[in-house]
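Everything on this sheet refers to the single structure shown next.
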Amino acid sequence: MNNHFLQIHPEVAIALQQGKPVVALESTIISHGMPYPKNVETALAVEQTVRDNGAIPATIAIFDGKCFVGLSKEQIEFFGKKKNVWKVSLRDMPFVISKKLYGATTVAATMRIASMAGIKIFVTGGIGGVHRGAEKSMDISADLTEMENTSVAVVSAGVKSILDIELTLEYLETKGIPVVTIGQNEFPSFYSRNSGLDSPLRLDSAIEIAEMLKVKWALDLNGSVLIANPVPKEQEIEANEMKVHIDAALKAATEKNIKGKEVTPFLLQWIAEHTKGESLEANIALIKHNAKLGAAIAVAFCK
Ligand code: PSU
Ligand code: MN
């Protein structure tokens, strides 16, 4: 797509032209998901993992009135250090682009920009979903509506239990979005390999997943596929250990009357602070693990 607002890095543009594997990466993780300098180290390590596994990384962010697809090391460093970067979901895109602000893209906005650029595979940590208490608050992430509309596959470590995982899976079912876990029957919950819920689908290799993506889109079944990649055993934090922290984070959010787009970053930051290094290390490990799988899927998809 030749869009005036799209700035594709030359390396990424050439790879796409030549039909080579490219993996999109989000930037909210860098600006809102982790503290400096771990955020920059992780973003660069994730890019390297994608390369080591045969694909070209394209980290996506907004600045200078454009959507950048593929950032330099200096740009990633800048984003990691800069304060007050806007968290950009779909509804924020026209505002942040027209005002030429600095914007880190969520899963929803990253997917949309990746799709504009022609990238089919996107790697993240965890997606937004249906929040607990959504029957009253109606807090459902635009990540889910975007997944209904945009044909970019999302590789994640499942859904954090800050959300209502069961309702999130119901919502994905309603919207016709396949959810496939690699290598196990249970759907994972980001820090933990378990969630207590069956994964709707299971496949055991990147090749099978790429095959399923090809079939889906060849059938004109538009929209995403949620691929859940359980955190490696060595880095897992048990679900009952996390439950204490997540319950406390939710309680703190209610007490402080946190609303709207602040909810997810507040919960993530609260958990990071109250679990010290442990959750951060799990987070970093699982994103690299996802990058490896995402690259393998992209490679298989391009064959
Ligand atoms: N969930 C996570 N980690 C994250 C996010 C969600 O486990 O980093 C970020 C992603 O960028 C996601 C966004 O797209 O939060 C969702 O925000 P909201 O719930 O406000 O839609
Ligand atoms: Mn929300």
Side-chain angles (χ1 to χ4, degrees), residues 23-36 38-50 53 57-61 76 79-80 87-89 104-111 114 121-129 131 141-144 146-147 152-163 165 168 179 181-182 187-195 224-232 234-237 239 242 245-246 249 263-273 275 277-295 297:
V23 170
L25 301 163
E26 65 156 304
S27 45
T28 297
I29 279 181
I30 307 175
S31 63
H32 294 72
M34 286 180 196
Y36 180 82
K38 284 273 182 191
N39 57 354
V40 172
E41 284 166 32
T42 304
L44 295 175
V46 166
E47 286 213 339
Q48 191 57 46
T49 304
V50 170
N53 289 279
T59 301
I60 291 178
I76 288 177
F79 256 85
K87 175 187 161 192
V88 180
S89 192
T105 50
T106 63
V107 167
T110 307
M111 282 180 75
I121 314 293
F122 163 42
V123 165
T124 186
I127 61 162
H131 280 260
S141 175
D143 291 356
L144 297 186
E146 183 62 12
M147 290 180 80
V152 172
V154 180
V155 180
S156 72
V159 172
K160 275 201 185 95
S161 45
I162 56 172
L163 302 172
I165 302 178
T168 301
V179 176
T181 299
I182 184 157
F187 186 70
S189 61
F190 195 90
Y191 297 114
S192 319
R193 295 171 63 82
N194 310 97
S195 66
S224 186
V225 171
L226 179 62
I227 299 152
N229 187 28
V231 59
E234 314 78 67
Q235 277 93 19
E236 158 173 61
I237 309 176
M242 278 314 294
H245 301 296
I246 286 168
V263 172
T264 299
F266 176 88
L267 295 172
L268 297 180
Q269 201 188 337
W270 202 98
I271 291 165
E273 280 169 10
T275 56
E278 196 187 5
S279 71
L280 188 58
E281 288 315 310
N283 207 335
I284 293 168
L286 69 83
I287 295 175
K288 288 187 197 162
H289 188 57
N290 293 349
K292 188 172 173 196
L293 176 62
I297 294 169

Side-chain heavy atoms of [X] within contact of [Y], under 4.5 Å:
| X | Y | result |
| --- | --- | --- |
| H289 | N229 | yes |
| E236 | N194 | yes |
| S89 | T28 | no |
| V107 | F122 | yes |
| E281 | K38 | yes |
| T181 | P230 | yes |
| S27 | T105 | yes |
| I127 | L226 | yes |

| query | When you look at T275 and I237, which way does the side-chain contact (heavy atoms from CB on, under 4.5 Å) test go after all the steps? | reply | CA-CA 10 Å; T275 56; I237 309 176; 5.7 Å; no
Determine the minimum heavy-atom distance between [X] and [Y], stating which atoms define it.
| X | Y | result |
| --- | --- | --- |
| F190 | G126 | CE1-N, 3.3 Å |
| V159 | T168 | CG2-CG2, 4.3 Å |
| G80 | V40 | CA-CG2, 3.6 Å |
| L163 | G128 | CD1-C, 3.8 Å |
| A157 | L286 | CB-CD1, 3.6 Å |
| S279 | I271 | OG-O, 4.0 Å |

State the [atom1]-[atom2] distance between [X] and [Y], to the nearest 0.5 angstrom.
| X | Y | atom1 | atom2 | answer |
| --- | --- | --- | --- | --- |
| K160 | I165 | NZ | CD1 | 11.0 Å |
| T49 | I287 | OG1 | CD1 | 10.5 Å |
| T59 | I76 | OG1 | CD1 | 4.0 Å |
| L267 | I246 | CG | CD1 | 9.0 Å |
| L293 | I182 | CG | CD1 | 4.5 Å |
| I29 | T42 | CD1 | OG1 | 9.0 Å |

| Which is it for T264 and H131 under the side-chain contact (heavy atoms from CB on, under 4.5 Å) test, yes or no, and what are the steps along the way? | CA-CA 9 Å; T264 299; H131 280 260; 3.4 Å; yes
| request: Kindly indicate, with the supporting measurements, whether the criterion side-chain contact (heavy atoms from CB on, under 4.5 Å) is fulfilled by M34 and I284. | output: CA-CA 9 Å; M34 286 180 196; I284 293 168; 3.9 Å; yes
| message | What verdict does the side-chain contact (heavy atoms from CB on, under 4.5 Å) test give for V154 and M111, after you've listed the backbone C-alpha separation in whole Å, the side-chain angles of each residue and the deciding distance to 0.1 Å? | response | CA-CA 8 Å; V154 180; M111 282 180 75; 3.9 Å; yes
| request: Output all residues satisfying side chain to side chain donor-acceptor pair (under 3.5 Å) with Q235, sequence neighbours left out; order by chain, then residue number. | output: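 Expected list: none.
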| task | Apply side chain to side chain donor-acceptor pair (under 3.5 Å) to T124 and list each qualifying residue two or more places apart in sequence or on a separate chain. | result |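 Result, side chain to side chain donor-acceptor pair (under 3.5 Å) vs T124: E26.
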| Around K292, counting heavy atoms of other residues, nucleotides and ligands shown, do more than 12 lie under 6.0 Å from its NZ? |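 No, not enclosed.
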| message | Quiz question: by atom type and distance under 3.5 Å, do the side chains of S189 and S195 form a donor-acceptor pair? | response |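 Judged by distance alone, the side chains do not pair up.
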